[in-house]
Amino acid sequence: MTITTVQEFLTKVGEDEALQAELATALDAENDRQAVTELAESKGYNFTPEELWAEVQKRQAEAEANQAEG
């Protein structure tokens with residue numbers, strides 16, 4: 001259970017259209033973080049909803065910083 005595993009999962013999502021569709025469904029769940037974590041686990045990636053959220057927040061901050069820089 002590491003942030004690296006979250007990163008690997010998100011990289012795989014970017015490469016796999018079927019997984020993207022499954023992720024979209026998971027994101028529609030009431031507890032989307034848990035649903036995404038369970039989806040990842042079913043694909044062999046093991047991390048917590050908190051680790052997922054930390055990585056999402058980090059990526060959002062980086063995207064905002066990049067956008068602010070132009």
Side-chain angles (χ1 to χ4, degrees):
M1 291 188 285
T2 66
I3 295 299
T4 303
T5 306
V6 177
Q7 293 167 345
E8 291 170 357
F9 174 70
L10 294 175
T11 297
K12 180 66 175 173
V13 168
E15 300 168 348
D16 185 330
E17 288 185 26
L19 187 54
Q20 290 170 17
E22 291 181 73
L23 178 63
T25 300
L27 290 172
D28 285 337
E30 184 174 328
N31 186 347
D32 57 350
R33 291 182 210 168
Q34 184 63 41
V36 171
T37 302
E38 291 170 3
L39 170 63
E41 188 173 329
S42 76
K43 305 297 181 184
Y45 299 90
N46 191 12
F47 50 81
T48 66
E50 293 77 18
E51 290 168 327
L52 172 65
W53 185 238
E55 180 62 19
V56 167
Q57 288 182 312
K58 176 185 157 222
R59 288 179 180 220
Q60 285 177 336
E62 288 173 354
E64 289 170 5
N66 288 340
Q67 189 174 33
E69 291 175 3

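Considering all non-hydrogen atoms of both residues, A35 and A26 come closest at CB-O, 3.5 Å. Closest non-hydrogen pair, I3 versus A54, comes out as CD1-CB, 4.3 Å. Taking both residues in full, the closest heavy atoms of Q20 and G14 are given as NE2-O, 3.4 Å, listed atom of the first, atom of the second, then distance. Smallest separation of non-hydrogen atoms from T37 and F47: CG2-O, 2.9 Å.
Rounded to the nearest 0.5 Å, atoms CG (L52) and CD (Q57) are 10.0 Å apart. The distance from atom CD of E41 to atom OG1 of T48, rounded to the nearest 0.5 Å, is 11.0 Å. Distance check, rounded to the nearest 0.5 Å: CD of E51 to CD of Q7 gives 11.0 Å.
E38 and Q34 share a donor-acceptor pair across their side chains, judged by distance under 3.5 Å alone.
Using a 4.0 Å cut-off between charged nitrogen and carboxylate oxygen, R59 and E55 count as a salt-bridge pair.
No more than 12 heavy atoms of other residues, nucleotides or ligands shown are found within 6.0 angstrom of CD on Q67. At most 12 heavy atoms of other shown residues, nucleotides or ligands fall within 6.0 angstrom of atom CD in E17.
Side-chain contact between L19 and L39 is present, with at least one heavy-atom pair separated by less than 4.5 Å.
Tested against V36, the residues L23, V13, N31 include a single side chain to side chain contact (heavy atoms under 4.5 Å, CB included) partner, L23.
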